[in-house]
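Presented below is the structure to which this report refers.
Sequential numbering from 1 along the given sequence is applied to the chain's residues. As a basis for the values below, the full set of heavy atoms in this structure was taken, side chains included, without hydrogen atoms, waters or symmetry mates.
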Amino acid sequence: MATTDDDRRPKYQRIADSLREAIQSGEYGPGDRLPGENELMATHEVARMTARQALGVLKDEGVAESRKGAGVFVRSFRPLRRRGIQRLSQEQWGSGKSIWSADVENRALSVDQVTVSEESAPEHVAGVLDLSDDDTVCVRRRRFVLDGKPVLLATSYLPMPLVAGSAITEENTGPGGTYARLAELGYKPVHFREEIRSRMPSKHEAGQLSISAGTPVILVCRTAFADEGRPVEINEMTLDAASYILEYDFDA
C-alpha cells in the first residue's frame, strides 16, 4: 500500500492535528481539559516524549494552555480583532472614545503598569521625530489586559517640547487619549504609518504577557503625523500573537 504524506509526518504532529480537529469540531470546547500525556500514550501507542511534543504544538500555537498541576486545557481566551484602520479614525478619538473601544466591544479592558517619564530619546526615535541633541521625549509605558489576560505592551515617545505641561505627561490623559490632547495642542494627527514585524519574545516580554515558550509576538511600530508631515508620536507595541487577529478593511 502506498505511503501518504500524512503517514510520513512525525507522530507527534499527527496527534496534534487530531486534537486540533477535535477542538475545531467542538468535541473539546473552550476551557475543556485535553487528554493528558498518559492518555495519549495509551491511545496512540507512543512514548511520553511524543505525547508531550504533541501537546506542546498546540500550546505553541496558542490553541491550548497549561495549568500547573491540572493539565492542558483548550484556551478559553477569544482572540482580539484589531481593526487597524477604524480604530485610528478621528471620529474615534476625536469624540472622546479610546481607540481601543473599536476593538474590545463589551469585553473587560484594563491598563496597568503605567509609567510616564522624561528621557533622552533613543537614537532611532530621535531620528524619526527629528529631534535635536538637547531635546528629550515624554515616554509613556503601559500594559493592556483584556478579560484578565495581558495582551499588549506599549511604549510611546513624544517630543517633550511639544507636550510639556499637558495631560500627555500624566498617567491619565483624559477622554480620547493622547491623540485628542495632541489635537488640543494644535498638533492633530492627520496621518498614521504602521510597520509590522514578528519575532520570538524576550524573557521579559514573555513574563509580562504571560505567554508560554514558543509563542511569538507581533511588533507594531506606529508613527503619528500632524500637518505638513510633522511626526508627533512613535508608539512601539508588542502583541501576544496568539491573542490577536489583525484586520485591515479599506476600499480599493
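Closest approach of Pro161 to Asp135, counting heavy atoms only: CG-OD1, 3.8 Å. Residues Pro216 and Pro201 approach most closely at CA-CD, 4.1 Å, considering heavy atoms. When all heavy atoms of Pro175 and Arg181 are compared, the closest pair comes out as O-NH1, 2.7 Å. The nearest pair of heavy atoms linking Ala164 to Thr169 is CA-CG2, 4.3 Å. Residues Arg67 and Gly31 share a closest heavy-atom pair of NH2-CA, 4.1 Å. Nearest approach of Ala226 to Val232, heavy atoms of both residues: CB-CG1, 3.9 Å.
Cluster annotation: Val151 and Ile196 are assigned to the same hydrophobic cluster (Ile/Leu/Val/Met/Phe/Trp/Tyr, side-chain heavy-atom contacts under 4.5 Å, transitive). Connection of Val220 to Leu158 is established within a shared hydrophobic cluster, with ILVMFWY side chains joined at heavy-atom distances below 4.5 Å, either directly or through further cluster members. Both Leu80 and Phe144 sit in one connected hydrophobic cluster of ILVMFWY residues. Membership requires side-chain heavy atoms under 4.5 Å apart, directly or through other members. In the hydrophobic cluster analysis, where Ile, Leu, Val, Met, Phe, Trp and Tyr join through side-chain heavy atoms closer than 4.5 angstrom, Val145 is grouped apart from Ile211. Criterion: ILVMFWY side-chain heavy atoms under 4.5 Å apart, direct or through other members. Under it, Val57 and Leu19 are not part of a common hydrophobic cluster.
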Open item on the list: side-chain hydrogen bond (donor to acceptor under 3.5 Å, both in side chains) for Lys149 and Ser210? Distances and angles first, verdict last.
Closed with: CA-CA 8 Å; Lys149 167 73 175 71; Ser210 299; 5.9 Å; no
Open item on the list: Would Arg222 and Ile234 count as a side-chain contact (heavy atoms from CB on, under 4.5 Å) here? Give the steps.
Closed with: CA-CA 6 Å; Arg222 180 171 68 234; Ile234 294 175; over 6 Å; no
- [ ] List the steps and the verdict of side-chain contact (heavy atoms from CB on, under 4.5 Å) for Thr155 and Asn235.
- [x] CA-CA 6 Å; Thr155 302; Asn235 188 354; 5.6 Å; no
Task: side-chain contact (heavy atoms from CB on, under 4.5 Å) assessment of Asn38 paired with Arg48 - done: CA-CA 7 Å; Asn38 290 338; Arg48 182 174 300 278; 2.7 Å; yes
TODO: Dump the intermediate steps for ring pair (Phe, Tyr, Trp, His ring centres under 6.0 Å) on Phe192 and Tyr179, then the final yes or no.
DONE: CA-CA 11 Å; Phe192 296 96; Tyr179 296 147; 5.2 Å; yes
- [ ] Run the numbers on Asp240 and Ile218 for side-chain contact (heavy atoms from CB on, under 4.5 Å), then give the verdict.
- [x] CA-CA 6 Å; Asp240 170 12; Ile218 299 169; over 6 Å; no
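Within the 4.5 Å cutoff, the side chain of Tyr28 has heavy atoms near those of the Pro35 side chain. Counting heavy atoms from C-beta on, the side chains of Ile23 and Val63 come closer than 4.5 Å. Using a 4.5 Å heavy-atom cutoff, the side chains of Arg230 and Tyr187 are in contact. Contact of the Arg33 side chain with the Val72 side chain is not registered, since no non-hydrogen atoms from C-beta on lie closer than 4.5 Å. Side-chain contact between Glu170 and Val116 is absent, with no heavy atoms from C-beta onward closer than 4.5 Å. The closest side-chain heavy-atom distance from Asp227 to Lys188 is not below 4.5 Å.
Rounding to the nearest 0.5 Å places CE of Met160 at 10.0 Å from CD1 of Ile168. One distance of note links CD of Glu194 with CG of Leu246; it measures 9.0 Å at 0.5 Å rounding. One finds the SG atom of Cys138 at 8.0 Å from the CD atom of Glu118 (value rounded to the nearest 0.5 Å). Rounding to the nearest 0.5 Å places OG1 of Thr215 at 13.0 Å from CD of Glu205. Interatomic distance, Glu27 CD to Leu34 CG, rounded to the nearest 0.5 Å: 10.0 Å. Rounding to the nearest 0.5 angstrom, the gap separating the CG atom in Leu131 from the CG atom in Leu162 is 10.0 Å.
Put simply, the side chain of Arg143 gets close to the backbone of Gln208: a donor and an acceptor are under 3.5 Å apart. Using modelled atom types, one side-chain atom of Asp147 and one backbone atom of Ala108 make a donor-acceptor pair closer than 3.5 Å. Looking at Thr43, its side chain never comes within 3.5 Å of a backbone N or O of Leu40 through a donor-acceptor pair. Within the 3.5 Å criterion, the main-chain N or O of Arg9 finds a donor-acceptor partner in the side chain of Arg14. Panel note: side chain Thr50, backbone Val46; no donor-acceptor pair is recorded below 3.5 Å. Judged by distance alone, the side chain of Arg142 and the main-chain N or O of Leu152 form no donor-acceptor pair under 3.5 Å.
For the residue pair Arg140 / Thr173, no side-chain donor-acceptor distance below 3.5 Å is found, with atom types taken as modelled. Using a 3.5 Å distance cut-off with no hydrogens or angles, the side chains of Gln53 and Gln13 do not pair a donor with an acceptor. Side-chain contact check for Ser156 and Glu233: at least one donor-acceptor pair (N or O, by modelled atom type) lies under 3.5 Å. Side-chain contact of Glu39 with His44: a donor-acceptor pair under 3.5 Å is absent, judged by distance alone.
With respect to the salt-bridge test (charged N to carboxylate O, under 4.0 angstrom), the residues Arg197 and Glu195 do not qualify. Under 4.0 Å is where a charged nitrogen must lie from a carboxylate oxygen, and between Lys11 and Asp17 no such pair does. By the 4.0 Å N-to-carboxylate-O rule, Arg141 lies close enough to Glu119 to be salt-bridged with it.
With a 6.0 Å radius and a threshold of 12 heavy atoms from other residues, nucleotides or ligands, Tyr248 has its OH atom above the threshold. The environment of Asp133 atom CG is sparse: at most 12 non-hydrogen atoms of other residues, nucleotides or ligands sit within 6.0 angstrom.
Residues satisfying the side-chain contact (heavy atoms from CB on, under 4.5 Å) criterion with Ser120, sequence neighbours excluded, are absent altogether.
Using cut-offs of 30° and 60° for the angle between ring planes, the Tyr157 and His124 rings count as perpendicular.
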